[in-house]
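To keep things clear, I will list the structure first and then write my remarks on it.
Just follow the structure's listing: the first ligand is 1, and inside any ligand the first atom is 1. These figures come from a predicted structure and were not determined experimentally.
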Amino acid sequence: MTPKTENELAQHVAAAKAPLWIKGGGTTLTGQGDVLDVSGLSGITLYEPGALTMVAQAGTPLSEIEAALDAEGQMLAFEPPRTKGATIGGAFATNASGARRVQVGAARDFLLGVRFVDGAGEIIKNGGRVMKNVTGYDLVKLMSGAHGTLGVLTEVSFKVLPKPEAQATIEVKGLTDAQATQAMSVAMGTPYDVSGAVFLVDKGTPTGRMSIRVEGFSGSVAHRSTALQNTLSAFGECSISETGPWDDLRGGAMFSDTTDALWRVAVKPSEAAQFTSELAQTLPHSHAYDWAGGRVWIGADEADVMRAEAQDSPLNDKSGFEGFHSVLQEMAAQYKGHATLMTAPMPLSVPRFQPENNVVANLSAGLRKRFDPRGILNAGLMG
Ligand SMILES: Cc1cc2nc3c(=O)[nH]c(=O)nc-3n(C[C@H](O)[C@H](O)[C@H](O)COP(=O)(O)OP(=O)(O)OC[C@H]3O[C@@H](n4cnc5c(N)ncnc54)[C@H](O)[C@@H]3O)c2cc1C
């Protein structure tokens with residue numbers, strides 16, 4: 001079903017007798033249930049460049065939003081992924097945030113207001129209609145990152161920012177994982193307002209390229225990039241360029257080779273290198289670091305999985321990508337982090353999200369009961 005209005009969507013939800021799977025652009029893994037396609041709710045409702053705000057229906061393609069902003073020299077500062085067909089509602093529902101998060105925060109930090117339909121088919125507006133018994137919740141923060149389990153976003157209003165006048169990328173090649181995380185930590189600790197810190201491993205080598213970004217007025221960028229070059233030259237030869245891997249990253253190009261499955265893992269930046277080194281002993285994989293090591297991308301293809309299976313340690317009595325996933329989540333938990341499956345070559349019977357500890361799981365279940373008492377929105381996705 002592809003409703004064209006919020007009222008129509010609310011009626012569909014209210015009348016639903018079986019679980020619904022909410023689809024924005026449908027660029028990520030799908031779940032179970034009748035597809036409720038939000039792409040019919042499309043279009044920019046209000047754009048006030050002077051006030052740095054925009055309001056758009058949730059199914060509006062990100063490309064349309066970015067084109068409108070571009071025409072005014074503005075941007076979505078949280079750099080959502082540029083996967084073809086992705087929607088603004090999908091970006092906020094998943095809190096999908098790019099490299100600039102280290103400087104400006106996540107998608108949810110830019111969300112000002114939401115309209116959504118809850119699991120009972122009620123239309124809720126943040127700051128407008130107040131839902132019975134949930135008046136204490138910050139609905140904007142709750143809805144961003146809930147992955148559609150608490151409601152179907154129909155409209156979002158959000159902050160936008162002017163595009164920076166200039167940017168520079170400082171790069172050091174030939175670094176090991178440990179050297180890269182150390183160098184990124186040093187860069188983040190400087191007063192030069194870094195807006196991106198990534199490390200991409202070169203195919204077939206144990207080393208890679210660290211990229212550090214600064215943005216702003218031309219003079220300031222020139223000064224800060226030279227200062228960073230001086231600081232980071234302690235780690236190797238440093239070059240400065242006007243471009244970097246930033247656009248490619250938004251398109252999903254974290255690896256120089258292709259992978260069949262992709263996970264994002266959150267760990268402490270200072271432990272990222274230790275984590276991937278330990279992981280490699282059990283699970284051959286490709287990896288890249290974003291957010292100065294706070295977000296680790298793990299990629300694996302069939303050959304990686306077969307090599308993992310051939311090793312002595314069994315994949316938790318499972319096989320293939322499911323076994324790989326299970327061991328990866330176990331190891332992420334040991335690092336007090338979490339691993340989320342993003343893409344897979346086939347449907348996997350695994351919890352995509354890291355299982356929550358009892359305290360958080362009880363809180364999450366309580367929230368879902370309030371917003372979706374029948375348990376029909378993206379059922380089972382997050383517990
Ligand atoms: C570099 C890169 C980084 C990424 N980072 C992340 C990340 O941090 N987190 C992440 O989850 N994904 C991430 N992705 C995957 C994906 O690109 C984003 O989730 C994307 O924004 C999804 O948009 P979509 O419109 O295709 O949503 P879909 O693929 O259609 O849906 C994604 C999820 O959001 C829900 N959803 C979609 N629209 C709505 C709505 N209107 N109301 C309520 N729920 C809705 C869906 O049910 C589903 O659970 C990343 C991808 C790339 C390439």
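Side-chain N or O atoms of D301 include one that pairs as donor or acceptor with a backbone N or O of D304 at under 3.5 Å.
Under 4.0 Å from ligand 1, the heavy atoms of A93 that appear belong solely to its side chain. Of the heavy atoms in W21, only side-chain atoms (C-beta onward) come closer than 4.0 Å to ligand 1. Contact annotation for T83 and ligand 1: only side-chain heavy atoms (C-beta onward) come within less than 4.0 Å of the ligand. Both the backbone and the side chain of A96 come within 4.0 Å of ligand 1, counting heavy atoms alone. When heavy-atom distances to ligand 1 are checked against a 4.0 Å cut-off, R264 comes that close only through its side chain, counted from C-beta outward. Contacts between F92 and ligand 1 below 4.0 angstrom, taking non-hydrogen atoms only, are absent altogether.
In plain terms, the two heavy atoms of S195 and Q103 that are nearest each other are CB-OE1, 3.2 Å. Of all non-hydrogen atoms in Q74 and P49, the two that sit nearest each other are NE2-O, 3.0 Å. Between L200 and A288 the shortest heavy-atom distance is CD2-CB, 3.8 Å.
Using modelled atom types, one finds a donor on one side chain and an acceptor on the other under 3.5 Å when comparing S220 with R224.
Scanning all protein heavy atoms for the shortest distance to atom 52 (C) of ligand 1 gives P81 CB, 3.3 Å. For atom 44 (N) of ligand 1, the nearest non-hydrogen atom of the protein is G148 CA, 3.3 Å. Scanning the protein for heavy atoms near atom 22 (C) of ligand 1, the closest one is T27 OG1, 3.5 Å. With respect to atom 12 (N) of ligand 1, the closest heavy atom belonging to the protein is M342 CE, 3.2 Å.
For ligand 1, the atoms closer than 4.0 angstrom to any heavy atom of G151 are 43 (C). Of all the atoms in ligand 1, the ones that sit under 4.0 Å from a non-hydrogen atom of L249 are 1 (C). For ligand 1, the atoms lying closer than 4.0 Å to a non-hydrogen atom of R295 are 5 (N), 8 (O). Within ligand 1, counting atoms from 1 as listed, the ones closer than 4.0 Å to a heavy atom of V38 are 41 (N).
Residues F199 and W297 keep their aromatic ring centres 6.0 Å or farther apart. For F158 and F110, the gap between ring centers reaches or exceeds 6.0 Å.
The shortest separation from a heavy atom of M143 to ligand 1 is not under 4.0 Å, leaving the residue out of contact.
Any N or O atom pair closer than 3.5 Å counts here, and L381 shares no such pair with ligand 1.
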### Query
Under the side chain to side chain donor-acceptor pair (under 3.5 Å) criterion, do R213 and T169 qualify, and how do the steps go?
CA-CA 5 Å; R213 179 174 63 184; T169 300; over 6 Å; no
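Between F353 and H147, the ring planes are perpendicular. Angles over 60° get that label, and only those under 30° would be called parallel.
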